[in-house]
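This report refers to the structure that appears directly beneath it.
Keep in mind that the numbers below use all heavy atoms, side chains included, and drop hydrogens, waters and symmetry copies. In what follows, every chain begins at residue 1, and chains take the letters A, B, ... in the order their sequences are listed.
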Amino acid sequence: MWEFWIRSLNASTIFAIAGLGEVVGQRAGVMNVGVEGAMLFGATIGFIVAKTTGSYLLGFLAGIAIGALIGLLHAFFTITLHGDQVVNGMGIWILGFGLTTYIGSPYAGPLGMGRIPTIGGLSPFFFVALVLTFVIWFVLFKTHWGLKIRSVGENPTVAEVSGINVVRTRYWSVIFSGAMMGLAGAVYALDYNPVWSYNLLMGWGFIALALVFFSMWNPYILLSGAVLFGALWQVSLNPESFLPNIFSRYIWRTFPFVITIIILVIMSTHWFSSRWGAAKPEALGLPYEKD
Amino acid sequence: MTEIKQGDIVLQARGITKRYPGLVANDHIDFEIRAGEIHAILGENGAGKTTLMSILFGLTHPDEGEIYVFGKKVNFRSPLDAIDLGIGMVHQARKLISAHTVLENILLGHPHAGAILDMKKTAEEVKQLCDAYGYKIDLNAKVWHLSEGEKQMVEILKALYRGAKILIMDEPTSALAPPETEKLLETIQLMTKNELAIVPFITHKLPIVLSVSQRVTVLRRGKIVARLNTAEATEQSLAMEMIGREVLFNLKRPDVKIGKPILQVENVSIYDDKDYWAARNISFEVREGEIFGIAGVSGNGQQPLAEALAGLRKASAGRVLFQNEDITRLSSLKRWKKGIGYIPSEQRAVGSIGDFSLVENLLMSYYYDDLFVKWGLIDTKKIRQLAQELIKEYNVATPNPDVRARNLSGGNLQKMILARVFSRKPRLIIANLPTQGLDVGAMEFVQNKLLEEKKAGAGILLISEDLDEIMALSDRIAPMYEGEFMDILPGGSAQRETVGALMAGHKQKAVEV
Ligand SMILES: Nc1ncnc2c1ncn2[C@@H]1O[C@H](COP(=O)(O)OP(=O)(O)OP(=O)(O)O)[C@@H](O)[C@H]1O
Ligand SMILES: [Mg+2]
């Protein structure tokens, strides 16, 4: 049982870090559905850099940097060029999927470095995620910065006439958001499961994305959701140890995704939006055009 | 900065010019504002007021001209530059974030808000401002809970809290109930005592201009046509300057025989978007040749009611009959085809598509008409011709019918929407705030159009916040408050005060009067 929870928390760390990044971007009004793509970049580049330099630090930094770069790209297309956020996000996912497969293949296999020390099996990054959750919550709700971020996500026109630079605020939010996704990917490939293989993330980015909606854009709820999904993921990997002989393991494997879809469907109903809809950033997904 | 004294020039504009394709919105405008002065700017729709204001607030860049603030030449790159120099603005459409609290809205973008927000200190300071102006407002309330008047207070507080010395207000009274207007005027006068310069931009409500301002500047077609001391002006003379012709302030209500009921509403209840009751148990009927007026301040359920009657929102209970036929469940298109015309209050969001041309916008009421669409193909020539005729008839100021709707000024867009709806000769017209934002000339025009339709036997449901309009036009008046009709009064004999009190929710008072 202990083992199960440790594995769950380690998995939830990755959902949480990526999801927190997405929360910041969405709070600023920019959705990036390409979380998976940005994470693949972070994982692959982080893995390659760490493997060739032998330095974990450089690996993580590279993961963060490539994530930030992807964020910058997303910001440029959606904010400056007013591109559709969903379409561009899908583009990031496809690009990430294709390009990382291409660059990563020669490095397929284990990382071959000493494992990052754990605390009784628990990854130190779990604590990083805890701290990040608190910090992001604090910044969003207690600082002027956070107020600006939330304002450009709620109503950019109002923010503009209040003297906020909407474009700059959105840019930084999306870049930060990308950096977090890159970090999440690097944590996966360097710490959680330090082996590079084809499509190594198996859709975790999409789970992180769904968690953001589930969290109602609140970092604390997001963290709890991440833990829930971390556990769910472990159940789906070893269903026999919990509920033997009920479904085939392949059906179990789809569970986190089925639940993700169910959550997204519930979230889009009138029933839900009339009760909780107020939490959703009003300008989410809309390009801002100054007239 | 030296101390500002009463009468010092605080803002000066020289030769401000702004051109848009096909027209000059501001044509070499010179004017100045002094501390402690209320300087009203008047102008008909499309005269260029909003353009001028956006330039003074740094939202738009002028093509030519110079602006001096406190004697120094300035070049605004964004509103931030203007705000930093002490220019504040209260916008016509409220510019507040409704999901955030009053305090958060006031603090947003404040230069002295530290990295970590000190809500307690801000609350105390804002409280002092509130006390100074006699405002009672819950600073921790979410903005969407507030009434229109309270929202405007928040905008004023926000500007003052940022240290505004010059306050620009666009149509400051347009969305306010009569008591709220009184309160605003009181505040404005109090502010001038603190050497604030106030510049209200106004299209209609000339009496307000006369009652509070010291000076008036009148714009017409982008040029200044008159600079007056208010003491020398009269309502008639101002209207004359604004539109270049006389405006009759008395509408003549034609004698029309009221016919059969055309719309019957029976015990209708409606939910709003947040699943709260928006309107409860509403029953009334509109008859042929009758104008039924619903008087009320925005947000008391008129909008959901109008939407339900237009088929854009579900009525959760009750029945709606149109010419004795149950239309409760009919789609809006079917309702249009049966002869219902709808003028929505949100002209930019619902009434028009900003990126479409005027011709295309007109098509929205004609695409289902066989005369204009044959075998699924649009007869472009015909619709374009109709657009041109309507633009002429309704006097819409636009270089041509291919202009995008978003580039029309508020008043002109409203005229275009009216033209679209009226030209279909509806039997029932649901007019939600049809004269909102119109200048006196255009307002008179629209009201006369409504009366014409009435004469032609159409039933009209008129929803308005403007008590004068309701009193002048309606055959029967229903004051609406918090989703309910307070009463239904005969238009001819109802007292203005009674209706005003009822729409503010004072039931007892009505009995006393
Ligand atoms: N972005 C734009 N592109 C093209 N034309 C524009 C643009 N903005 C405004 N105009 C035109 O400039 C003129 C002045 O518009 P403005 O909004 O300043 O008028 P206004 O005096 O505020 O009128 P209203 O009382 O109707 O609001 C109008 O004819 C309008 O169509
Ligand atoms: Mg205007």
Side-chain angles (χ1 to χ4, degrees), chain A residues 26-29 82 84 134-170 172 216-218 268-284 286-291, chain B residues 50 54 57-61 76-84 87-91 93-101 103-119 122 142-145 155 158-159 162 168 271-276 314 348 354-355 404 406-407:
Chain A
Q26 292 202 4
R27 277 281 181 180
H82 305 300
D84 185 279
F134 172 76
V135 169
I136 286 172
W137 170 82
F138 187 84
V139 169
L140 279 178
F141 296 101
K142 297 287 163 192
T143 70
H144 199 191
W145 252 19
L147 183 58
K148 288 179 188 175
I149 292 174
R150 288 185 290 130
S151 300
V152 300
E154 284 287 340
N155 192 330
T157 316
V158 173
E160 181 85 36
V161 297
S162 303
I164 310 295
N165 189 329
V166 175
V167 170
R168 195 195 305 159
T169 309
R170 285 194 165 182
W172 281 118
M216 292 188 287
W217 297 270
N218 178 321
S268 61
T269 58
H270 176 74
W271 174 85
F272 187 91
S273 63
S274 65
R275 272 159 195 79
W276 308 102
K280 181 179 170 210
E282 197 113 354
L284 181 61
L286 306 174
Y288 173 59
E289 224 171 318
K290 206 163 136 177
D291 39 26
Chain B
T50 302
S54 314
F57 193 58
L59 274 169
T60 306
H61 296 274
F76 296 142
R77 281 157 302 161
S78 75
L80 191 56
D81 293 339
I83 294 169
D84 284 345
I87 299 179
M89 182 142 132
V90 177
H91 304 264
R94 294 284 80 88
K95 297 270 197 244
L96 295 170
I97 293 178
S98 30
H100 291 179
T101 67
L103 265 187
E104 284 178 325
N105 270 285
I106 290 176
L107 258 179
L108 177 64
H110 195 289
H112 301 307
I116 294 172
L117 299 175
D118 188 344
M119 287 300 184
T122 314
K142 295 254 158 65
V143 165
W144 63 269
H145 285 297
E155 286 208 354
K158 177 169 179 166
R162 294 193 81 158
I168 301 172
Y271 282 118
D272 70 6
D273 296 331
K274 295 207 160 73
D275 268 4
Y276 293 132
K314 225 168 66 190
R348 304 249 174 220
D355 284 330
R404 291 202 292 173
R406 72 158 71 234
N407 291 338

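Taking the salt bridge (charged side-chain N to carboxylate O under 4.0 Å, His left out) definition, one finds that B/D118 meets it with nothing, sequence neighbours left out. With sequence neighbours left out, A/R168 forms a salt bridge (charged side-chain N to carboxylate O under 4.0 Å, His left out) with no residue at all. Partners of A/R150 according to the salt bridge (charged side-chain N to carboxylate O under 4.0 Å, His left out) rule, which considers only residues two or more places apart in sequence or in another chain, are B/E104.
Checking side-chain atoms of A/R27 against main-chain N and O of A/P281 turns up no donor-acceptor pair under 3.5 Å. With hydrogens and angles ignored, the 3.5 Å screen pairs a side-chain donor or acceptor of A/R170 with a backbone N or O of A/V152. In terms of modelled atom types and a separation under 3.5 Å, the side chain of B/R404 and the main chain of B/G354 share no donor-acceptor contact.
Within the 4.5 angstrom heavy-atom criterion, atoms from both the backbone and the side chain of B/I97 approach chain A. Heavy-atom distances place no part of B/K142 under 4.5 Å from chain A, backbone and side chain included. Both the backbone and the side chain of B/A113 come within less than 4.5 Å of a heavy atom of chain A. Contacts of B/F57 with chain A are made by side-chain atoms alone, with heavy-atom separations under 4.5 Å and no backbone atom involved. With a 4.5 Å cut-off on non-hydrogen atoms, A/L147 touches chain B through its backbone and its side chain both.
No side-chain donor from either of A/K148 and A/S162 sits under 3.5 Å from a side-chain acceptor of the other.
Note on B/K95 versus B/E155: no salt bridge recorded, every NZ/NE/NH1/NH2 to OD/OE distance being 4.0 Å or above.
Each of B/T101, B/N105, B/L107 was checked for a side-chain contact (heavy atoms from CB on, under 4.5 Å) with B/L103, and the lone residue meeting it is B/T101.
Heavy-atom neighbours of chain B within the stretch residues 134-141 of chain A, taken at a separation under 4.5 angstrom, comprise A/F138.
By number of non-hydrogen pairs under 4.5 angstrom with chain B, the leading residue of A/T157, A/V161, A/N155 is A/V161.
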